[in-house]
Structure formats: structure tokens, C-alpha cells
Amino acid sequence: MNYDVIKHVRGESLFLDDYDAPAGTLHAVVLDSPFAHAEIVKMNFDKALNINGVKGVFTAEDIPGENQIGNIIQDETLLAEKIVEYVGEPIAIIVADTPEAAREARNAAEIEFRQLPAVTDAREAYEKGLLIAPPVTFSSGNTEDAFAHCETIAEGRVDIGGQEHLYLETQGALAIPGESGTMKIYSSTQSPTAVQRVSAKILGVEMNKIEVDVLRLGGAFGGKEDQGTPWAAMAALAAYNLRKPVKLVLNRAEDMRMTGKRHPYSADYKIGLNSEGEILAYEVTYYQNSGACADLSPAILERTLFHTTGSYFIPNVKATGYMCKTNLPPNTAFRGFGGPQGMFVIESAIYKAAEKLGVRAHEIQKKNLLKEGDYFYYGQKAERVNAEKTWTEAEKEFDFEKKFNEIKEFNARNTLLKKGAAIMPLTFGISFTSSFLNQASALVHVYTDGSVAVSTAAVEMGQGVNEKIRSVAAKTFSISKDKIRTETTNTTRVANTSPTAASTGADLNGNATILACKEILSRLKKHAAKILSIENAESIEIIDEKVYVNGEPTEITWEKLVNSAYFERVNLSAHAFYATPDLHFDRNVNKGKPFAYHVYGTAIIVATIDVLRGTYEIDEVDIVHDFGKSINPIIDIGQTEGAVVQGIGWLTIEELVQNEEGKLLSNSLSTYKIPDLYSAPKNINVKFLEESENPFGPLQSKAIGEPPFMYGIAAYFAILDAIREVTAYTPTNLIAPLTHERVLTALTESENKRYESE
Ligand code: LUZ
Ligand code: MOS
């Protein structure tokens, strides 16, 4: 079990807003733009400053360093200067004794704007030449030639919605100024070093003046990979100017309004198959709605391009992506990081091709699955491929044949309820696609009582990474997990941290932890050999907290050994560094080996629609997933279930709606619906693929965070399948999410058609 769980259930776990802030801590709120695109004509804070308890108002002019927080591209200010480009863009920070006073002062601020035309649609931005960065194309083979040889060609457009992260803990930070211009920042971030780097830049100080500390996050899902940073930098800015601790925590409405989301995509595709049903060619153009600044959009678009062919081998591929600049909050990392959008488009293409051929999509899916030794179209050789293995396992375990027959029978017996099913094969690349980010380090201390403390770059956000790190440390030392504590993630103990992201947290930091533990273990074995007067330290082993020589137990326990090593002045601390080997990617040709390995799996989802009301339920999700050798099966099942439900939510009931002026209308939990106990699948069965190994994962495990999210794609096609039981509904263009409203429209439109033809 994740050792945080008991504290969570008892309400004992601390999150940022729960910390006992030092006496005299002030509270900051963010004044943000009410317009999607406007010029700031005049700002007057006189009335705001007169409100009781207000201590200061800070704008771009009060930034002593550089007003620049861009990550991949330097195109984003912390506080707007002359122009605002989205509703929710931070303009000023207002600081007071209480959050209430600060919010009151925010209402009293007088800002004059001159509104400018806003663009919220990706294709419209593209037409107007509004791009964040130049387009990117990945390709292999020759699609033009291949299409000439295709028996069946399907073309269409796909529109995919974004998604609100809705982490339980909103964004926030607490900045405490220290002596000599130093600053300690507690931040709810996946990326402590990003907070450190950006805060230093904003304050105009060196990074060694800034210490960032993270205990845990109440969820993140990518929403705090880049976008945990500005709030911390703002708290630091206010704390720096006022020489007082400052806390800044967004409330839910502010968080939903000001932060970016999963990127909506629009795409055009063309897919070609031969008479055998083999996919010969695939062309796709993605219009990514990037929002007002780059944020992580280029990396996210790249991951879309990496996952363009889904779980399939396609010999001729051409994929182009445009990062379209719109007047929406900068869209950002979200579980899957562009992968889900790419995979949804290829699944849509296959669905439409199947429709044309008069076969079921899964016949085409199965025929085209990746095989050992195939090459991904970006040049990486597919190794230890489990695409077919998980498919056939799932087919056997969950009896697809029987399921489809039962659905057929059900549909024959029922007119008001109809069932549908779809299968989703998964292939997801593990590693940051920016190769340099695939590094981590660990600092391990063994104390004289035999207890152990581990610091790494990993941020605990509910995914159980700390528990996994405890497990690998305990296994490496062969001591009880109870002796191992994971410390907060802190930039003074572990420097230059990559974000805990890309599903790599346990892999990178677990591997670094193993290296550090082995270093200490080797010193301890040498010491044991010495006190036992044995020449060969190789014959020493520690098993279950006991020293063994050539397989024979001795009287020396772990505690005794550690204690005696201390008195002999043996170093009981170690720092270790891990970098994923052999990664490379050449952006001149867009070929290389970007991923250490891939995660595979297959899911089948069954849905039931209510023909009169257009509502639906997800009856069942059955998954065979490739976990490698799981370090912690309960955590991994939890991650799988959570991810698949989140994936289903994205494509079914979660709908972001903006008005034409770029204002978010689905801005609270009453208008933005996420899966709850009632709408979540009735049943989720997760089966572990047996005999899977992974030399790149700690203890042969595989990454788990993001991959299962994409099983949710099957829910969309299962609902579509059920709709088609009622009508010959065959829209040329697919739209996600498939809300109850959209299902009802699909059903009633055909209803009208039926009456017309009678
Ligand atoms: N973040 C990132 C990610 O910077 N690079 C990635 O490849 C990535 N992939 C998934 C999630 N976050
Ligand atoms: Mo992420 S989408 O922060 O792995």
C-alpha cells in the first residue's frame, strides 16, 4: 500500500495550504485579465491600496529581474506589460493581511482596457498565420506512391476537446525570505527546479539563493509540470518586495480560469488499406490549439507526432503539426502529453476505414498491430513488443467473441437500450522526448540506528512514487521498508531536477536510488568483511537485515553493522546519478531512438446507451496491461483504474466551453462534469501481462502514470458502436467529447430521417 494512504484517509497529510505559515505571513491574490485580447490603457490601484489590511500591489514594473517565464520558448511574461492575450492572464499581485482583504482590493482596482479581436479556434488561427513556432513534420516511406496502391481510402476530420486537470489541490506557493537575499519557496509543483530557475530570474538573483521544497501535491496530472511555476514566482516577488512571507493559493474558480488545459486538437487524416486490410499509408495534419504562449506545446506536439501510428505498423506515414496561437490560457502538459490526441485520430481513421470496408474496426486493428523488429516511423526499432501478446491475452481472458455475441443478443432483445463495444490497443513510449531531461539523482543517508532517508528529484503527487522508491531502497539493502523514509523534494539536496513527468518518476529516481544504495552497501560489505576478518568482501551478503558469509548467517545485524561502520569512520551517505542510456533524436530529420522502451496493453470497453434520452453508462472495462514486473501491484492497479476513468471522462462527459470572447463558461464543477461514482465504469478488470521484463526499469518494472489513460479511447468508440445499432449514423467528422447531448442529437437526427423516409 502507498504509505501516504492512511494519512490521507485520516486527513493528516499536509498540503501547501495546510502548512503552519510563519507569523506575519501575508496573502496574495492575482489580478487577471477579463478580456481575451486587449491593450492595457491605464491602471489605478489607489482605491485598492486604501482597503484595510492591503500591503502592496505589484505589476510587471516591480520585477527586479527579467519578466520572462517561458520554458521552451521565451514568449511568456509573469505579469502582463501592455497587452493581455487571454482571459485569466495575470496582470498584478495584490497582497494583504488576509486573502479576503486582498480579494476585496482586487475588486477595487481600476484598469482601463482597449479590447482587440480575439481568436479561440485553432484552424482560424492557422488561417490567419498565427503560429507559436514553425510547423513540424515526421515522415517515413512515400505516402503518395502508397495511396496509389490502396484498395480503400478513408478521409475525414476529427475535433478533440481539451480537458481541465482538476487536481484536488489547487495551485499555490508560500515564499519565505531569508537573510542575504535568499528565499525559501514551498511550492505545489512537479518541477522544483523550474520554480527555482524562474524565481531566480524574476528576482534577478542566482539560483543558489533560492531553495524550493515540495512535500507532496494533491494531484497534478501535468498541470503542475510548467504551470506550478508562476504562482511560486509571484509569491517570491511579493515576499522579496515586502520582506515578509507571502502565501498565494488559487481558489478553484481562479485556478480553472487562469490555468491552461489539455490541448484541443483538430485534425485531417487520410488512411489507405490494401485488399488484405493492411494499412499501407497514413497522412495526418494536426491543428493544435496551443493557447496564447508556447508553454510546453512544442514538446506536446512532438509527442503527438511520436504516437501518430498508435499501436500499429504503418510503412508510409506523413504527419504535420501546427501549433496554433489562440487567445486562450496557454495549454499545457496533461497525462499523455499529446499522445492521446494522436492516438484518437488514428483510431478514428481506422474506424472510418472499417465502416467503408463493412468490417468491424477490431479486425483492422488486430491485423496491423506492431510486431517484434518493426520500426516505428520515427526510426526506433520496436523491441520486446507486447502489442499482439496483450491483445491475444485479452481476447482469451475476456472472451471477445462471447462478449460480442452477448451484445448482439442484447441488442436484438432491446429497443430502448443498446450496447456497443470497442477495443483499444496501447503502445506508449517511455522517456522524456527531450533526451536531456532523462536524468535524476538520489541522496541516501544511513543513520547510526540503521534507519535510512532518501532524497530524490521525484515529487509525490498521489501516484505512489515515494512508496516505490522505499521499495527499491529496501530491496537493495535487504532491510525492512519501515526503516526507509523518503524526504521532501528539495533543490538543496537534489539539484537540477527534471520535472516528475512523462511517467518516468519511478524509473529515473528509482534507478538513481538503487545506485546510491549500492554504493553504501558496497562500503558496508567491505566493513563487514573487515570485522569478520574475511578477505573477500564478495562473499558477504545482507539478507533480511542480517549479515551472511558464503550463505551462512552471522550474528551481525544491519543495525550492528551500520553502527560499527560509523565508529570506523565509514561514509554512510551516498549521492548517485542516473541517466537513461542510448537515447538520441536528430531533429534535422526527425529520426532516432527517443524512448528507452514502450508500454503495451489492450482494453475492451462495453457501453450501454439509453436510446430515448441519449444518456449512457460504461458497463465494463477489461484490460490486459504490460506492467513489466510491478514493484507495487496495488499502486499500479490504482494508477490504471484512475487513468482509464480520466481518459473516459476526457472523451465522454468532460466538455470545456468558451464563449466567443474567449471566456471559459464551464468554469466550475457545476458546469464541468467529471466522472463520479455514478458515471464511472461499473466494472474495471485489470490483468497483468505475465512474463514481461524491462531492463530499463528499476527491478524490471515499467512506467505506469500515463499509458492507461489512452484505454479511455475505447469508450468513445463503444458508445459510437451502440449508436449505430439504432441508426446508420455515420458522421464524416468525429467530434469528442461524445457528451450525452451529442449522443441525443445523433439519435434524434436519425429519428427525424427515419420519419422522413417513411
Ligand atoms: N514532459 C516533457 C512530458 O517535458 N517531455 C515529455 O516527453 C513528456 N511526456 C509526457 C509527459 N510530460
Ligand atoms: Mo506529465 S503530462 O506532467 O507527465
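Nothing fancy with the numbering, it's 1 onward along the sequence. First listed ligand is number 1; within each ligand, the first listed atom is number 1.
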**Request:** Compute the minimum heavy-atom distance from L437 to ligand 1 and say whether it is under 4.0 Å.
**Result:** yes

**Request:** Ignoring hydrogens and angles, tell me if any N or O in the side chain of N511 forms a donor-acceptor pair with the backbone of L508 under 3.5 Å.
**Result:** no

Should you measure from each heavy atom of [X], which atoms of ligand 2 turn up under 4.0 Å away?
X	result
F334	2 (S)
R335	2 (S)
F337	2 (S)
G222	1 (Mo), 2 (S), 3 (O)

For [atom], find the nearest protein heavy atom and state the residue, atom name and distance (0.1 Å precision).
atom	value
atom 5 (N) of ligand 1	F432 CD2, 3.4 Å
atom 6 (C) of ligand 1	F337 CE2, 3.4 Å
atom 7 (O) of ligand 1	T433 N, 3.0 Å
atom 9 (N) of ligand 1	R303 NE, 2.9 Å

Side-chain ion pair, [X] and [Y], N-O less than 4.0 Å:
X	Y	result
K468	D636	yes
E693	R384	no
E302	R587	yes
E706	R335	no
D4	K7	yes
R257	D32	yes

**Distance under 6.0 Å and angle within 45° of ring axis: K318 vs F138** = no

**Asked** Quick one: does ligand 1 sit under 4.0 Å from the side chain of E225, the backbone, both or neither, non-hydrogen atoms only?
**Response**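 Only the side chain of E225 comes within reach of ligand 1.
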
**Asked** For ligand 1, does A502 get within less than 4.0 Å through its side chain, its backbone, both, or neither, judged by non-hydrogen atoms?
**Response**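 For A502, the contact with ligand 1 is made by both the backbone and the side chain.
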
**Message:** Pairs of nitrogen or oxygen atoms closer than 3.5 Å, one from Q190 and one from ligand 2: do any exist?
**Reply:**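 Yes; at least one N/O pair falls below 3.5 Å.
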
**Message:** Are any of the N/O atoms on E225, whether in the backbone or the side chain, positioned under 3.5 angstrom from an N/O atom of ligand 2?
**Reply:**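 Among all N and O atoms of E225, at least one is under 3.5 Å from an N or O of ligand 2.
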
**Asked** Heavy atom under 4.0 Å from ligand 2: found in E706's side chain, backbone, both, or neither?
**Response** side chain

**Prompt:** Backbone, side chain, both or neither: what part of A502 comes under 4.0 angstrom of ligand 2, heavy atoms only?
**Reply:** backbone

**Prompt:** Does E706, backbone or side chain, put an N or O under 3.5 Å from an N or O of ligand 1?
**Reply:** no

**Prompt:** With a 4.5 Å heavy-atom cut-off, do F432 and P499 have their side chains touching?
**Reply:** yes

**Request:** Given side-chain hydrogen bond (donor to acceptor under 3.5 Å, both in side chains), test Y600 with H625 step by step and report yes or no.
**Result:** CA-CA 6 Å; Y600 299 92; H625 186 84; over 6 Å; no

